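Here the structure comes first, spelled out in structure tokens, and everything after it is commentary.
One-based numbering, in listed order, for ligands and for the atoms of each. Any value given below was found using the heavy atoms of this structure, including those in side chains, with hydrogens, waters and symmetry copies removed. Position 1 is the first residue of the sequence; numbering continues from there. Here the structure is a predicted model, which is why all the values come from computation and not from measurement.
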Amino acid sequence: MIKADVGSYPGHGTVHPQQIEVAKTLLEKARKDGAIVDFFVTHAGDDLEFIMTHRRGENDKRVHQLAWDTFKEITDKVSKPLKLYGAGQDLLAEAFSGNVKGMGPGVAELEFEERRSDPVLVFMADKTEPGAWNLPLFRIFGDPFNTAGLIIDPALHDGFTFEILDVMEDQSIKIKCPDETYDLLALIGTSSRYVISKIYRNDGMPAAAASTSRLSLIAGRYVGKDDPVCIVRAQHGLPAVGEVLEPFAFPHLVAGWMRGSHLGPLMPVSMNDVQNRVTRFDGPPRVVGAGFQVSDAKLIGPADLFGDPAYDRTRQVANEITDYMRRHGPFMPHRLGPEEMEYTTLPEVLEKLKTRFKK
Ligand code: F6R
Ligand code: MG
Ligand code: MG
């Protein structure tokens, strides 16, 4: 999966249908040329999402270049002529240099040997940051109160290893669960800094991958939130589809929302146009889910994972939390703390008052 926000309407609401059309045309051409085997183009709010399969391994230059060039062309052919908001905003680098990591777009890659039947679920968020996945990914792969299989299926019973990225120091660590569960939680509870990037079953089987870029840390200033994606394999020795979806029934608080500066509930929504766009206070933060079967690297699907009455109540709770949080206005903890605000425009405002403080 490679994704970017290259412009949206109105403001940061949703993508334009012409952007999707151009993406489909270019990726179809790449499919015919053999760069990729299959693809699905979709969006989460104002983020364009390319779900691609290929046999070239992770960090492949041709695949990364394809995504970069496609985002560029969409920017030039659609976003700029239509004056969409934030045209090309996530393309931070001047030119492509081998890998889109660190250049603005978000990437999650998972290389695996296809099983007899391989369900793959893709989650895409808008108006939040990579740490938003920490809670649901922990619950899916580390919490027996969520995932019954951790207790009753011998294939899951040995647990999972989590790879954690420290986004401030750019270093990573592997933590093995259940043995080191408390160490894992000691890290990933600080979701602004320690983010889950990969998960493996303890026999080595790749189970999940998440995008980890922090745009503000790349650019040194606020350039929109990272709006992360993640890929989760399911069933037959991995958590069942329903165990993967279960944690999203709780709309936990995540950082992002208006101006990337507020805590709000992560609301699971349908892929349809009515729900998959942000409105209130540029939010609330949303997650869409697309479910596929992978067959000889072809994407069979998607199924709209949260387009289900079973998630209506979650959305209702998220709306209640939205009312409650909004009543705090500019006060913490609705507005984020000072470290998180460092990359926004708030320091400029505070700078003016500096000389007026007296000891
Ligand atoms: C959140 C986001 C928006 C903008 C907001 C102000 O990730 O991108 O909430 O921060 O709409 O945007 P500007 O400063 O461009 O008017
Ligand atoms: Mg936008
Ligand atoms: Mg976005």
Angle class for the F96/W68 ring planes (parallel below 30°, perpendicular above 60°, tilted otherwise)? tilted
Parallel under 30°, tilted from 30 to 60°, perpendicular over 60°: which one fits the rings of F71 and F50? parallel
Find, among atoms of D47 that are N, O or S, the one nearest to the Mg ion (ligand 3), and state its name. OD1
With heavy atoms of Y222 as the reference, note each atom of ligand 1 found under 4.0 Å away. 1 (C), 2 (C), 7 (O), 8 (O), 10 (O)
Looking at D46, which of its N, O or S atoms is the nearest one to the Mg ion (ligand 2)? OD2
Of all N, O or S atoms in D227, which has the smallest distance to the Mg ion (ligand 3)? OD2
When you check the gap from the basic side-chain N to the acidic O, do D312 and R315 get nearer than 4.0 Å? yes
Heavy-atom contacts with Y85 under 4.0 Å: which atoms of ligand 1 show up? List them by number with element. 13 (P), 15 (O), 16 (O)
Does D5 bring an N, O or S atom to under 2.8 Å of the Mg ion (ligand 2)? yes
Atom nearest to the Mg ion (ligand 3) - D126, N, O or S atoms considered: OD1
Would you call the rings of F40 and F292 parallel, tilted or perpendicular, where under 30° means parallel and over 60° means perpendicular? perpendicular
K127-ligand 1 polar pair, N/O distance under 3.5 Å: no
Where ligand 1 meets W257 - atom numbers and elements under 4.0 angstrom, heavy-atom basis: 1 (C), 7 (O), 9 (O)
Name of the H12 N, O or S atom nearest the Mg ion (ligand 2)? ND1
Nearest non-hydrogen protein atom, atom 4 (C) of ligand 1: H12 CD2, 3.5 Å
Heavy-atom contacts with D282 under 4.0 Å: which atoms of ligand 1 show up? List them by number with element. 3 (C), 4 (C), 5 (C), 9 (O), 11 (O)
Short N-O contact, K29 and D33, less than 4.0 angstrom: yes
Ion pair check, K24 and E28, cut-off under 4.0 Å: no
Thinking salt bridges, do K198 and E58 make one under a 4.0 Å N-O criterion? yes
Top protein contact for atom 14 (O) of ligand 1, by heavy-atom distance: R259 NH1, 3.7 Å
For N146 and E246, does a side-chain donor sit closer than 3.5 Å to a side-chain acceptor? no
For M258, which part has a heavy atom under 4.0 Å from ligand 1: side chain, backbone, both, or neither? both
What are the two closest heavy atoms between P228 and S211, and how far apart are they? CA-OG, 3.3 Å
